[in-house]
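See structure below.
Protein chains get the first letters and strands the later ones, always in sequence-line order, with residue 1 at the start of each.
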Protein chains: 2
Amino acid sequence: MERTNIDNQTIDLGKKFEIIYNPSSEFKGYCPIRDILDRFGDKWSIYTILQLGQTDKMRFNELKSKISGISQRMLTVTLRSLEQDGLVERTIYPQIPPRVEYRLTSLGFSLLEQMVNLGEWASTHMDEIIKARECFATKTNSQLIQSN
Amino acid sequence: MERTNIDNQTIDLGKKFEIIYNPSSEFKGYCPIRDILDRFGDKWSIYTILQLGQTDKMRFNELKSKISGISQRMLTVTLRSLEQDGLVERTIYPQIPPRVEYRLTSLGFSLLEQMVNLGEWASTHMDEIIKARECFATKTNSQLIQSN
DNA sequence: CCGTATCCAACAGGATACTG
DNA sequence: CAGTATCCTGTTGGATACGG
């Protein structure tokens, strides 16, 4: 198994790689990251998880008001999806008007920690990425100018 | 700033939360995680990053053959996107037939590390999630039966 | 209050054909 | 070899109206 070495960055992916992604087989080429990202890579899951991580429990409309821009439909869809994966727990109090509370499960909290880690990476490197985008735009523009 | 406490899990998100997501303002409510996930939360970016992390450089068709299922178009699109964000470096050797090499930048490698972390989380908790999905399906079915 | 149902626009991405 | 260009389909998610 090969090792990667660039700029004195040596990452021994060999061991980990087989765990997280095995491309050699059509059937065993299942990728857990893909599965996870298919679920919370959507538009609202992260916001929802982050919000639920701020307090121990929240009601539907409370969540809706804190996640700016989300529609009623999408909040329902998102919460069902998270509930289905065992990340969020839904408690219904049988009363009129209905009262429903949502909270992260311990699994949800462990994902939250990963999200926070990813968020810290994103915050740290966001300026590099933005610079790269600007630089790329400049390169593309100059190529366009040359081809005129 | 509130603290979250469930099952003896105390995460002090207060400090980190403001960095990674500020929902209080329409304009300052910019979320770096969202930005990042909008980029590599797509269908092919992770596979591409993982593959490029396996060797120090790869050619276009080499990549295409290793990422099973990807179309020529989507590989181009994905690589351009990653290049634009400074995660991948593209080297063109002006010869016929053309020779193009791709490699991760150091920024790309640091993202790869995050992906590996996420992948380990996913691998560790995948069985819990699958169980939760099955359990959810059972609950839903029994509700359907009751309503019949 | 907390949803569900329906309709619809926008976009991601696959198939195919063509090019320097 | 390494792409573009074009077309076309499936899915995501927003708007709106209605229901227990």
Donor-acceptor contact present, side-chain [X] to main-chain [Y], <3.5 Å:
X: Gln114(B); Y: Leu111(B); result: no
X: Glu83(B); Y: Arg80(B); result: no
X: Ser81(A); Y: Val77(A); result: no
X: Thr105(B); Y: Leu87(B); result: yes
X: Ser45(B); Y: Asp42(B); result: no

inquiry  = In whole Å, I'd like the distance from the CZ atom of Arg99(A) to the P atom of dC2(C).
reply    = 8 Å
inquiry  = Measure CG/Leu79(A) against P/dG3(C) and give the value in whole Å, please.
reply    = 8 Å
query = Looking at side-chain heavy atoms only, is the closest gap between Met58(B) and Leu52(B) below 4.5 Å?
reply = yes
Non-hydrogen side-chain atoms of Thr91(A) and Tyr93(A) separated by less than 4.5 Å = yes
query = Considering residues at least two apart in sequence or located in another chain, which fulfil the salt bridge (charged side-chain N to carboxylate O under 4.0 Å, His left out) criterion with Arg133(A)?
reply = Asp35(B), Asp85(B)
key: Partner set under salt bridge (charged side-chain N to carboxylate O under 4.0 Å, His left out) for Glu101(A), not counting sequence neighbours   = Arg99(A)
query = What string of B, S and - do you get for nucleotides 5-20 of chain C, 5' to 3', if B is base contact, S is sugar-phosphate-only contact and - is no contact with any protein heavy atom under 4.0 Å?
reply = BB------BBB----B
message = What residues from residues 85-94 of chain B pass a heavy-atom cutoff of under 4.0 Å to DNA chain D?
response =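 Within residues 85-94 of chain B, the residues near DNA chain D are Arg90(B).
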When rounded to the nearest 0.5 angstrom, what distance separates [atom1] in [X] from [atom2] in [Y]?
X: Ile46(A); Y: Ile33(B); atom1: CD1; atom2: CD1; value: 6.5 Å
X: Met126(B); Y: Ile129(B); atom1: CE; atom2: CD1; value: 5.0 Å
X: Leu112(A); Y: Ile49(A); atom1: CG; atom2: CD1; value: 7.5 Å

ask   = First and last nucleotide of DNA chain D in contact with chain B, 5' to 3', at under 4.0 Å to a heavy atom: what are they?
value = dC1(D) to dT6(D)
task = Give the angle between the helix axes at the two ends of the helix from dC1(C)-dG20(D) to dG20(C)-dC1(D), taking five base pairs at each end and rounding to 10°.
result =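 Roughly 50°, once rounded to the nearest ten degrees.
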query = Lys131(A) and Asp127(A): salt bridge (charged side-chain N to carboxylate O under 4.0 Å, His left out), yes or no, with the steps?
reply = CA-CA 6 Å; Lys131(A) 274 182 197 166; Asp127(A) 52 341; 5.2 Å; no
